[in-house]
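Notes for the one structure printed next.
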Amino acid sequence: VQLQASGGGLVQPGGSLRLSCAASRSIFSINVMGWHRQAPGKQRELVAAIAKSGSTNYAGSVKGRFTISRDIVGNTVYLQMNSLKPEDTAVYYCNAKLYEDFWGQGTQVTVSS
């Protein structure tokens, strides 16, 4: 499966961004889709995930601020990010879990005044 991420950019603290991840196949057939991020000098970490059942999971640091959702018809997963903080600055990667992990190309999110 190929994943195309978009929507990153520069935003001021407290602002919002919405990331999109378009998949090349039906996302309903994918076990879990998620967003991960990697900040400079840090390990990649899970931000949010949505299972085939629709259940969601969030990192504690983003809970209440970020929302993951999906458009099954459009084969797209979204990450709505509100109340952004400088520590949210990272490259965000879309992930699909099938028989193995598939990754998108990453999109840069920079939160700075």
Side-chain angles (χ1 to χ4, degrees):
V1 58
Q2 293 180 327
L3 304 171
Q4 182 70 40
S6 61
L10 173 64
V11 63
Q12 292 187 341
S16 298
L17 281 175
R18 188 176 79 157
L19 305 183
S20 300
C21 174
S24 62
R25 62 181 283 174
S26 170
I27 62 174
F28 196 69
S29 66
I30 298 174
N31 294 327
V32 180
M33 289 200 69
W35 288 95
H36 298 242
R37 66 186 181 188
Q38 187 166 18
K42 294 188 176 181
Q43 287 190 328
R44 191 174 296 189
E45 62 174 357
L46 174 68
V47 176
I50 184 164
K52 189 186 299 187
S53 64
S55 63
T56 57
N57 182 43
Y58 295 93
S61 59
V62 307
K63 201 170 291 186
R65 300 188 297 123
F66 291 11
T67 302
I68 189 168
S69 63
R70 64 186 179 181
D71 172 5
I72 293 175
V73 173
N75 295 327
T76 302
V77 173
Y78 301 98
L79 184 68
Q80 178 66 44
M81 305 185 294
N82 298 327
S83 302
L84 282 160
K85 304 175 181 180
E87 51 264 43
D88 294 318
T89 295
V91 178
Y92 284 69
Y93 296 92
C94 181
N95 169 264
K97 293 189 180 296
L98 285 163
Y99 47 87
E100 64 181 83
D101 280 326
F102 293 87
W103 295 93
Q105 84 281 13
T107 184
Q108 176 71 46
V109 172
T110 303
V111 185
S112 175
S113 55

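All values reported here derive from a predicted model rather than from experimental measurement.
Glu87 contributes atom CD, which lies 8.5 Å from atom NZ of Lys42 (distance to the nearest 0.5 angstrom). For the atom pair CZ (Arg65) and CG (Asn82), the distance works out to 9.0 Å, reported to the nearest 0.5 Å. Interatomic distance, Phe66 CZ to Leu17 CG, rounded to the nearest 0.5 Å: 9.0 Å. A distance of 12.5 Å separates OG of Ser20 from CG of Leu3, quoted to the nearest 0.5 Å.
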Exercise for the section: Give the intermediate values and the outcome of side chain to side chain contact (heavy atoms under 4.5 Å, CB included) for residues Tyr93 and Arg44. Expected result: CA-CA 9 Å; Tyr93 296 92; Arg44 191 174 296 189; 3.5 Å; yes
Exercise for the section: Please report the C-alpha distance between Gln108 and Thr89 in whole Å, then the side-chain angles of each, then the deciding distance to 0.1 Å, and finally whether the side chain to side chain contact (heavy atoms under 4.5 Å, CB included) criterion is met. Expected result: CA-CA 8 Å; Gln108 176 71 46; Thr89 295; 4.0 Å; yes
Exercise for the section: Would you please test Tyr92 and Arg37 for side chain to side chain donor-acceptor pair (under 3.5 Å) and show each step? Expected result: CA-CA 4 Å; Tyr92 284 69; Arg37 66 186 181 188; 2.9 Å; yes
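Side-chain contact between Met33 and Cys94 is present, with heavy atoms from C-beta onward closer than 4.5 Å. Here the side chains of Asn75 and Arg25 are not in contact, with every heavy-atom distance at 4.5 Å or above. Counting only heavy atoms from C-beta outward, the side chains of Asp101 and Asn95 approach each other to under 4.5 Å. Under the 4.5 Å side-chain criterion, counting only non-hydrogen atoms from C-beta, Trp35 is in contact with Cys21. Side-chain atoms of Met81 and Ser16, non-hydrogen and from C-beta on, never get closer than 4.5 Å to each other. In this structure, Tyr58 and Thr67 have side chains that are in contact, with non-hydrogen atoms separated by less than 4.5 Å.
When atom types are taken as modelled, the side chain of Gln38 and the backbone of Glu45 share no donor-acceptor pair closer than 3.5 angstrom. Ser24 places a side-chain N or O within donor-acceptor distance of the main-chain N or O of Gln2, the cut-off being under 3.5 Å.
Residue Gln43 places its CD atom among 12 or fewer non-hydrogen atoms of other residues, nucleotides or ligands, all under 6.0 Å distant.
Linking ILVMFWY side-chain heavy atoms closer than 4.5 Å, directly or via other members, places Val11 and Leu79 in a single hydrophobic cluster. Hydrophobic cluster membership differs between Ile30 and Val32, with clusters built from Ile, Leu, Val, Met, Phe, Trp and Tyr side chains linked at under 4.5 angstrom. Taken together through direct or relayed side-chain contacts under 4.5 Å among Ile, Leu, Val, Met, Phe, Trp and Tyr, Ile50 and Tyr78 form parts of separate hydrophobic clusters.
With Pro13 as reference, Pro86 is the one residue of Ser112, Pro86, Ser83 to meet the side-chain contact (heavy atoms from CB on, under 4.5 Å) rule. With Val47 as reference, Val62 is the one residue of Asn57, Ile68, Leu19, Val62 to meet the side-chain contact (heavy atoms from CB on, under 4.5 Å) rule.
Inspection of the Asp71 and Thr76 side chains reveals no N or O donor paired with an N or O acceptor under 3.5 Å.
When every heavy atom of Ser29 is checked against every heavy atom of Leu98, the shortest pair comes out as O-CD2, 3.6 Å.
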